[in-house]
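Below: the structure, in structure tokens.
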Amino acid sequence: MTIRTSTAIALSTSALLCTGPALAEGFSWEGEIEIGNDSVLSSDDPNEEIRDTFASISASGTYTFGNDVEIFASITTESLTDPTEDRTFDDMGVYIEELGVAFEIGDATTVAIGKLSPVFGTAGDDAAGYFGDSLADDYELTEQIGILSDVELNGAGTLSFGVFYADDSALSRSIGFDRGRATTADGGAGNTGKLNNFVVQWTQETGSTTFHVGARHLSAGQGDVDDEQGMVAGLAHSLDNGFDLYGEVASFSNAGGSADDAVYATLTGAYTIGSLTLSGGLAHRDFDASGDTDLITIGADYEFESGASIGGGLARVDEAGVKSTVLGMSLIIPLGG
């Protein structure tokens, strides 16, 4: 049983692809350091009772020219393999997560070209709690070569779309722990070396409510059964009493280029009291090949005046009948300059 936790990228393509007032010329950067520990406290499978003490460092920078053209990059250092036994800061590697150029066309359209993170769903960023996004991380799109665009629809929301393929350039390698260069021979949906994969997502904000719907097509790679087709829909709502609610559902046919279909559902809530945020959530994954996974989680996060935060979560996971209890904790220190 593997629980995936995520480390936020301080500045991503989704942040760059936003229209608005012209940005000041010059260089800006930000990032974060995360140090944490995930432990499987108990499991029906004793081999799953392992500890992973980890660190992750991310830094992102943007140089804006006077004509509103931006050059951006994001670099990440983290463990590049899943744990199979107790470990401490093992298999750490440094890699370029994003690199490219963004520019505006008119007042409502922004385009980015390079190594990017196409938008498909928002659970990876917006689901509350330490383990709230653990299952939804499966379908995030990262490290893709392509062209993305955001178009403001004159008060009718934002349309995000793009064409791309999985990075198979020299940028797919890493320094330190070398994960090797990706190639199209590795297979996998979207790993085609061609701009024959696409994603589209519409997002609208109405008062305290934000909702989104999206679709994607990932062409079959070498050895795959068929193209993957995916749909996603989600909603976030903030109440006046400090309670935030988030939900997202995603469905896939030929998930990952396989013969299997998959459905994901995430529902989380968070209640903020000053600097303390309490959270809870449910997540479900139904994957033809591996069966159902159900996750129940609670968590808490505290933010200090410096901007640093400490948080953790407890999750109960039932993966194809194997039940496990997982505890995670981390300290996040923001960086900026």
Side-chain angles (χ1 to χ4, degrees), residues 1-13 15 28-41 48-61 72-99 115 117 123-138 140 142-143 167 171-180 182 275 277 279 295 297 299-315 317 324-337:
M1 190 278 306
T2 301
I3 288 290
R4 299 177 60 192
T5 57
S6 65
T7 302
I9 300 302
L11 189 61
S12 66
T13 307
S28 63
W29 76 279
E30 55 184 342
E32 66 178 31
I33 299 172
E34 180 180 16
I35 301 172
N37 184 87
D38 292 341
S39 297
V40 180
L41 302 179
E48 295 289 346
E49 295 177 1
I50 58 178
R51 168 194 55 80
D52 181 21
T53 301
F54 63 89
S56 178
I57 304 171
S58 61
S60 300
F72 60 87
S74 293
I75 300 175
T76 298
T77 303
E78 62 184 359
S79 295
L80 298 178
T81 61
D82 291 330
T84 57
E85 59 184 5
D86 288 352
R87 69 178 189 178
T88 302
F89 308 133
D90 287 346
D91 299 338
M92 297 283 291
V94 183
Y95 64 96
I96 296 175
E97 184 149 0
E98 295 189 345
L99 178 65
K115 183 173 181 176
S117 300
D125 295 321
D126 297 340
Y130 189 89
F131 291 118
D133 63 349
S134 294
L135 300 186
D137 276 351
D138 286 358
E140 277 197 302
T142 59
E143 297 194 73
D167 178 23
L171 297 178
S172 64
R173 300 196 68 138
S174 57
I175 300 173
F177 178 85
D178 185 5
R179 60 184 179 178
S275 299
T277 300
S279 61
L295 179 147
T297 182
D301 297 271
Y302 185 87
E303 184 174 351
F304 299 95
E305 291 185 4
S306 64
S309 63
I310 187 170
L314 184 68
V317 185
S324 304
T325 301
V326 190
L327 175 67
M329 298 177 290
S330 71
L331 169 67
I332 297 177
I333 302 170
L335 305 173

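Please read these numbers as outputs of a predicted model, since none were measured by experiment.
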Report task. Assess whether side-chain hydrogen bond (donor to acceptor under 3.5 Å, both in side chains) is satisfied between Ser79 and Asp91, documenting all intermediate values. Result -> CA-CA 5 Å; Ser79 295; Asp91 299 338; over 6 Å; no

**Report entry** Pairing residues for Arg173 by the side chain to side chain contact (heavy atoms under 4.5 Å, CB included) criterion, not counting sequence neighbours
**Finding:** Asp178, Arg181

Query raised in the report: Can you name the nearest heavy-atom pair linking Leu99 to Ala73, along with the distance?
Result: CD1-CB, 3.8 Å

Query raised in the report: Does any non-hydrogen side-chain atom of Phe177 lie less than 4.5 Å from one of Thr81?
Result: yes

Requested in this report: Indicate yes or no: at least one non-hydrogen side-chain atom of Tyr130 is less than 4.5 angstrom from one of Thr297.
Outcome: no

Query raised in the report: What are the two closest non-hydrogen atoms of Glu140 and Gly124, and how far apart are they?
Result: OE2-CA, 3.6 Å

Query raised in the report: If every non-hydrogen atom of Ser279 is compared with every non-hydrogen atom of Ala300, which pair is closest and at what distance?
Result: OG-N, 4.3 Å

Query raised in the report: From Ile310 CD1 over to Ser330 OG, what is the distance, rounded to the nearest 0.5 angstrom?
Result: 8.0 Å

Report task. Report yes or no: do Ser324 and Glu48 form a side-chain donor-acceptor pair below 3.5 Å? Result -> no

Query raised in the report: Does some side-chain heavy atom of Ser74 sit less than 4.5 Å from a side-chain heavy atom of Thr76?
Result: no

**Report entry** Atom CD1 of Ile175: over 12 foreign heavy atoms under 6.0 Å
**Finding:** no

**Report entry** Taking every non-hydrogen atom, the tightest pair across Leu295 and Phe131
**Finding:** CD2-O, 4.1 Å

Requested in this report: Please test Glu98 against Ser60 for side-chain contact (heavy atoms from CB on, under 4.5 Å), starting from the C-alpha separation and ending with a verdict.
Outcome: CA-CA 9 Å; Glu98 295 189 345; Ser60 300; over 6 Å; no

Query - Gap separating the CD1 atom of Ile332 from the CD atom of Glu303, nearest 0.5 angstrom - result: 10.0 Å

Query raised in the report: Backbone N or O of Ala182 within a donor-acceptor pair of the Ser172 side chain at under 3.5 Å?
Result: yes

Requested in this report: First locate atom CD1 of Ile35, then atom CZ of Phe89, and finally report the distance between them rounded to the nearest 0.5 Å.
Outcome: 6.0 Å

**Report entry** Point-to-point distance, once rounded to the nearest 0.5 Å, from CD1 of Ile96 to CG of Leu171
**Finding:** 5.0 Å

Query raised in the report: Any idea which heavy atoms bring Met329 and Asp38 closest together, and the distance?
Result: N-OD1, 4.3 Å

Query - Approximate separation, where rounding is to 0.5 Å, of Ile57 CD1 and Ile75 CD1 - result: 11.5 Å

Requested in this report: Would you check if Thr84 and Ile50 make a side-chain contact, meaning some heavy-atom pair closer than 4.5 Å?
Outcome: no

Requested in this report: Output all residues satisfying salt bridge (charged side-chain N to carboxylate O under 4.0 Å, His left out) with Glu143, sequence neighbours left out; order by chain, then residue number.
Outcome: Lys115, Arg179

Requested in this report: Provide the closest heavy-atom pair for Ser306 versus Pro334 in the form atom of the first, atom of the second, distance.
Outcome: O-CG, 4.3 Å

Query raised in the report: Excluding sequence neighbours, so at least two apart, what forms salt bridge (charged side-chain N to carboxylate O under 4.0 Å, His left out) with Asp86?
Result: none

Query raised in the report: Does any non-hydrogen side-chain atom of Phe54 lie less than 4.5 Å from one of Arg87?
Result: no

Requested in this report: Calculate, to the nearest 0.5 Å, the distance between atoms OG and CG belonging to Ser275 and Asp301 respectively.
Outcome: 11.5 Å

